[in-house]
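The chains referred to below are lettered A, B, ... by the order of the sequence lines, with proteins before strands, and numbering in each begins at 1. All of these numbers come straight from a predicted model, not from anything done at the bench.
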Amino acid sequence: MAILIPPTPATATTAPAAGSNSAATAPQKVDYLNLPCPIPYEEIHREALMSLKPELFEGMRFDFTKGLNQKFSLSHSVMMGPTEIPSQSSETIKIPTAHYEFGANFIDPKLMLFGRVMTDGRLNARLKCDLTDNLTLKGNAQLTSEPHMSHGMFNFDYKGSDYRSQFQLGNGALFGASYIQSVTPNLSLGGEVFWAGQHRKSGIGYAARYNTDKMVATGQVASTGMVALSYVQKISEKVSLASDFMYNYMSRDVTASFGYDYILRQCRLRGKIDSNGVVAALLEERFNMGLNFILSAEIDHRKKDYKFGFGLTVGE
Amino acid sequence: MANRLISVEDIKAFWHSQFHDPEKWDLNMKLFRAVGLFAGSIVLMRQYGDMMAI
């Protein structure tokens with residue numbers, strides 16, 4: 001005798017589950033009142049700069065950082081090598097120099113202080129203080145014994161829910177302001193304006209940044225004649241490729257570069273090539289806990305300028 | 001016939017001023033090289049970037 005078996009609850013729920021999967025793959029509705037906070041305006045090219053503008057150097061470099069306690073540390077740096085001097089002709093003029101730099105760092109969750117003093121009397125100081133949860137004060141100063149060569153600047157940064165604004169005050173009657181707003185979860189737009197009273201110059205600029213999990217694309221234009229575009233492709237957690245384009249239509253200067261950034265367990269390798277025929281690379285190898293070996297190379301075939309450097313970093 | 005020769009001369013003069021001017025051509029070459037490197041690298045990254053993964 002045939003018996004009809006009713007469908008089990010398991011089979012009955014598979015059809016609605018398939019329907020909910022298709023709903024999950026459909027684009028979710030964007031909540032425009034709950035957009036993420038964008039990154040600061042001055043860091044809009046952050047990923048491209050990290051990959052394409054490593055700290056190349058020429059000569060020998062030794063850095064030693066000693067932590068005295070959890071918040072306070074001292075640093076000693078020795079640098080020996082040629083220093084380039086700006087010259088009118090196309091030839092580069094280098095003068096061999098050697099200097100020692102003493103530094104002190106204070107790092108607290110709400111307050112950070114950095115100071116560096118060199119043997120030629122130059123002092124660099126930086127300050128970052130969280131006045132409230134949303135308001136941050138930053139300051140930096142370079143003081144020298146040469147007259148009219150000292151500079152100082154203060155920034156007030158306010159972080160909103162989906163925007164950031166900054167106000168700048170500097171010596172020489174320098175005033176600046178910038179604002180950046182998240183327009184969609186991936187796109188943020190911003191603008192800046194500055195006034196340099198001492199030189200009687202002002203300028204305005206606009207920037208846009210589009211980022212996803214896999215890529216970041218940014219563009220910036222300014223009335224000073226600068227156009228800057230960058231594109232970073234995040235291949236994986238360890239590898240990223242970057243490209244940037246900089247054009248100044250006032251000075252008729254144009255440069256594009258393409259580079260890579262490999263962050264591995266024991267080392268970090270960055271390299272780039274640019275449209276002026278300059279090839280550069282920087283390798284930071286971690287020998288042991290707190291001991292890093294650095295190799296730097298920059299080769300400009302056109303100007304016949306070859307720069308090689310090596311260094312050691314001890315401490316965090 | 002004479003008019004055609006004059007028009008060809010005009011075209012040659014225009015070509016010479018735009019493309020054979022050393023200053024403009026230097027800047028244009030630098031611009032083309034930079035734009036080509038930027039655009040070509042973006043195409044390479046998007047198409048073949050996964051091959052560089054470790």
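Under the side chain to side chain contact (heavy atoms under 4.5 Å, CB included) criterion, A/Ile95 pairs with A/Ile85, A/Thr97, sequence neighbours left out. Residues meeting the ring pair (Phe, Tyr, Trp, His ring centres under 6.0 Å) test with A/Phe258, sequence neighbours left out: none. Checked against side chain to side chain contact (heavy atoms under 4.5 Å, CB included), A/Pro36 has no partners two or more places apart in sequence or in another chain.
Contact between A/Leu189 and A/Ala208 at its shortest, heavy atoms only, is CD2-CB, 3.5 Å. Of all non-hydrogen atoms in A/Pro54 and A/Leu282, the two that sit nearest each other are CB-CD2, 3.7 Å. Between A/Val227 and A/Val221, the shortest heavy-atom contact is CG2-CG1, 4.1 Å. The two residues A/Leu229 and A/Gly219 have their closest heavy-atom pair at CD2-CA, 3.9 Å.
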No hydrogens needed, just list the donor-acceptor pairs between chain B and chain A under 3.5 Å.
residue : atom : partner  : partner atom : Å
B/Arg33 : NE   : A/Ser275 : O            : 3.2
B/Ser41 : OG   : A/Ser243 : OG           : 2.7
B/Arg46 : NH1  : A/Tyr231 : OH           : 2.7
B/Met52 : O    : A/Tyr262 : OH           : 2.9

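Interface summary for chain A: among B/Gly36, B/Gly49, B/Gly40, the most heavy-atom pairs under 4.5 angstrom belong to B/Gly49.
Interface remark: A/Met215 contributes side-chain atoms only to the contact with chain B (heavy atom separation under 4.5 Å). With a 4.5 Å cut-off on non-hydrogen atoms, A/Leu264 touches chain B through its side chain but not through its backbone. Interface residue A/Ala242: only backbone heavy atoms are found under 4.5 Å from chain B.
The CZ atom of A/Phe310 lies 8.5 Å from the CZ atom of A/Phe57; values are rounded to the nearest 0.5 Å.
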